[in-house]
2 protein chains.
Amino acid sequence: MKSLKLSSNMEDYLESIYNLEKFNKVARVKDIAQWLQVKMPSVSGALRVLSRKNLIKHERHGYVELTASGRTIAEQVQQKHQDLTDFFTGVLRINPAQAARDACRVEHVVSRTTMNQIKKFMRKSVNQKKTKKRKKNRYGKKSSR
Amino acid sequence: MKSLKLSSNMEDYLESIYNLEKFNKVARVKDIAQWLQVKMPSVSGALRVLSRKNLIKHERHGYVELTASGRTIAEQVQQKHQDLTDFFTGVLRINPAQAARDACRVEHVVSRTTMNQIKKFMRKSVNQKKTKKRKKNRYGKKSSR
DNA sequence: TATAATTATTAGGTACGCCTAACTTCAACC
DNA sequence: GGTTGAAGTTAGGCGTACCTAATAATTATA
């Protein structure tokens with residue numbers, strides 16, 4: 001391991017590469033820049049750092065690719081992002097656009113503990129809803145929606 | 001208005017001054033440093049910035065005091081902090097220490113919209129609990145605790 | 001009141017992350 | 001194969017926020 005803790009910004013770069021690989025097949029400097037709303041030289045700089053940490057593979061003027069360890073980190077961040085978005089929209093009833101914006105920023109600062117509790121809470125809410133429905137049906141009341 | 005958006009760090013400085021004024025009557029450079037786990041020169045630097053923005057009053061070697069506008073910001077941040085802490089402990093069942101740590105970081109990145117929904121959600125949970133209790137009592141079951 | 005200890009400031013340096021401007025490389029087309 | 005435009009890199013600069021070391025001011029104590 002080169003260094004253990006990754007900055008929020010570097011996590012964002014990894015996450016954007018991950019998403020671009022997923023949606024565009026390949027990740028290019030220009031697309032990363034556009035995704036993150038920064039200029040290309042900022043991306044070049046970041047890629048140099050991530051390369052040195054062996055989180056990406058990147059040859060001059062070539063596509064950017066995640067390494068296995070880079071992918072692991074990206075997936076973790078992405079998962080947090082997804083879980084937070086679900087929580088914000090599903091539980092807190094935030095509109096999707098705002099939920100995404102908040103998730104983007106919260107995902108870098110929220111603890112593992114809290115993420116776990118959030119997921120636990122969501123599982124519980126789902127069960128409660130199911131239970132409610134069952135009860136209503138059992139008592140012959142019309143189910144909501 | 002000098003400049004509109006304050007960095008997370010500057011918000012932290014304001015918040016710590018606010019808390020120190022509240023708990024210690026006065027805020028001193030040394031105490032701020034201790035509170036935020038930074039060295040005194042970092043505090044001196046930050047205070048210069050906040051002074052220029054008219055958010056604090058600070059004469060060389062004197063106590064630090066919030067101005068009206070500084071206090072307003074500090075109170076807003078502090079309120080978010082409190083609401084998030086309540087949410088984390090009360091709803092998500094996070095232990096108080098971890099809740100405080102998360103609140104400290106989330107308070108700077110979460111949107112107003114989401115904060116509002118969090119508060120709404122908490123009010124709703126409280127009501128639901130009350131309702132449950134009432135129901136239980138009405139049906140003659142022993143109330144929890 | 002002079003000295004010691006504490007508190008605060010200034011000076012100067014580092015790391016990060018962004019930018020613009022200038023240059024290079026690549027690919028695509030004539 | 002040379003030209004041209006897009007994509008990418010390098011160079012150099014800026015702002016933020018932290019640090020250590022050195023210095024200054026204040027407060028406490030002998």
Side-chain angles (χ1 to χ4, degrees), chain A residues 1-17 20-21 24-53 55-66 70 73 77 104-105 107-109, chain B residues 1-17 20-21 23-66 70 73 77 104-105 107-109:
Chain A
M1 261 164 267
K2 283 271 173 181
S3 81
L4 311 93
K5 198 60 190 160
L6 215 51
S7 72
S8 298
N9 285 318
M10 290 302 148
E11 284 185 357
D12 275 333
Y13 281 104
L14 285 183
E15 197 186 0
S16 69
I17 295 163
L20 286 165
E21 284 189 352
N24 290 5
K25 303 280 180 266
V26 293
R28 291 181 309 166
V29 172
K30 201 201 165 207
D31 301 326
I32 300 169
Q34 199 168 348
W35 187 288
L36 294 179
Q37 295 285 288
V38 298
K39 303 297 175 180
M40 289 202 296
S42 307
V43 177
S44 285
L47 296 184
R48 206 173 317 123
V49 174
L50 293 172
S51 276
R52 273 204 281 269
K53 292 183 196 282
L55 299 172
I56 58 166
K57 250 177 53 197
H58 181 222
E59 328 196 307
R60 269 175 71 94
H61 297 97
Y63 294 137
V64 184
E65 280 175 60
L66 292 171
I73 296 175
V77 177
C104 263
R105 283 173 293 158
E107 71 194 18
H108 302 297
V109 301
Chain B
M1 260 163 268
K2 282 272 173 181
S3 83
L4 310 92
K5 199 59 192 160
L6 216 51
S7 72
S8 298
N9 285 316
M10 290 302 150
E11 283 186 358
D12 276 333
Y13 281 104
L14 284 183
E15 196 185 1
S16 71
I17 295 162
L20 286 165
E21 283 189 351
F23 296 126
N24 290 8
K25 304 281 180 264
V26 293
R28 292 179 310 166
V29 172
K30 201 204 165 204
D31 300 326
I32 300 170
Q34 200 169 348
W35 187 288
L36 294 179
Q37 296 284 289
V38 298
K39 304 295 176 180
M40 289 202 295
S42 307
V43 177
S44 284
L47 295 185
R48 205 172 320 122
V49 174
L50 293 172
S51 276
R52 273 205 279 270
K53 291 183 196 283
N54 279 307
L55 298 172
I56 60 166
K57 251 178 50 197
H58 182 222
E59 331 196 306
R60 269 175 70 95
H61 297 97
Y63 295 137
V64 184
E65 279 173 60
L66 292 171
I73 296 174
V77 177
C104 264
R105 283 172 294 158
E107 71 193 17
H108 303 296
V109 301

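Chain A is the first sequence line, chain B the second, and so forth, proteins listed ahead of strands; every chain is numbered from 1.
- Atoms CE (B/Met40) and P (C/dA8) sit 6 Å apart, rounded to a whole Å.
- Residue A/Val43 forms a side-chain contact (heavy atoms from CB on, under 4.5 Å) with just one option from A/Ile17, A/Leu36, A/Val38, A/Asp31, and that option is A/Val38.
- With the nearest nucleotide of DNA chain C identified for both B/Pro41 and A/Ala46, B/Pro41 has the one nearer the 5' end.
- What separates CZ of B/Arg52 from P of D/dA17 is a distance of 12 Å, to the nearest Å.
- Listed pair B/Ser7 / D/dA17 meets the phosphate criterion, a side-chain N or O lying under 4.0 Å from OP1 or OP2.
- At C/dC23, none of the side-chain N or O atoms of A/His61 fall inside 4.0 Å of OP1 or OP2 (strictly under the cut-off).
- Residue B/Met10 holds its CE atom at 12.0 Å from NE2 of B/His108, rounded to the nearest 0.5 Å.
- Taking 4.5 Å as the limit, every side-chain heavy atom of B/Glu107 sits out of range of all side-chain heavy atoms of B/Glu11.
- Separating the CD atom of A/Glu59 from the P atom of C/dT24 is a distance of 22 Å, rounded to the nearest angstrom.
- Per the geometry, CD belonging to A/Glu11 stands 15 Å off P belonging to C/dC16, to the nearest Å.
- A heavy-atom distance below 4.5 Å is found between the side chains of B/Leu14 and B/Ile56.
- Considering only side-chain N and O atoms, A/Ser42 lies under 4.0 angstrom from the phosphate OP1 or OP2 of C/dC19.
- Distance, A/His108 NE2 to C/dG17 P: 12 Å, rounded to whole Å.
- The distance between atom CE of A/Met10 and atom C1' of C/dC16, rounded to the nearest whole Å, is 8 Å.
- The shortest distance between the side-chain N/O atoms of A/Lys30 and the OP1/OP2 oxygens of D/dA7 is below 4.0 Å.
- Note on A/Arg60: every side-chain N or O is 4.0 Å or more away from OP1 and OP2 of C/dC26.
- Between B/Lys39 atom NZ and D/dA21 atom C1' there is a gap of 13 Å when expressed in whole angstrom units.
- Rounded to an integer number of Å, the gap from A/Lys53 NZ to C/dA15 C1' is 12 Å.
- Side-chain contact check for B/Leu6 versus B/Leu55: some heavy-atom pair is nearer than 4.5 Å.
- A/Arg48 has a side-chain polar atom (N or O) that falls below the 4.0 Å cut-off from OP1 or OP2 of D/dT10.
- Within the structure, a side-chain polar atom (N or O) of B/Asn9 is placed less than 4.0 Å from OP1 or OP2 of D/dC18.
- Contact annotation for A/Tyr63: no contact, since no heavy-atom pair falls under 4.0 Å across all strands.
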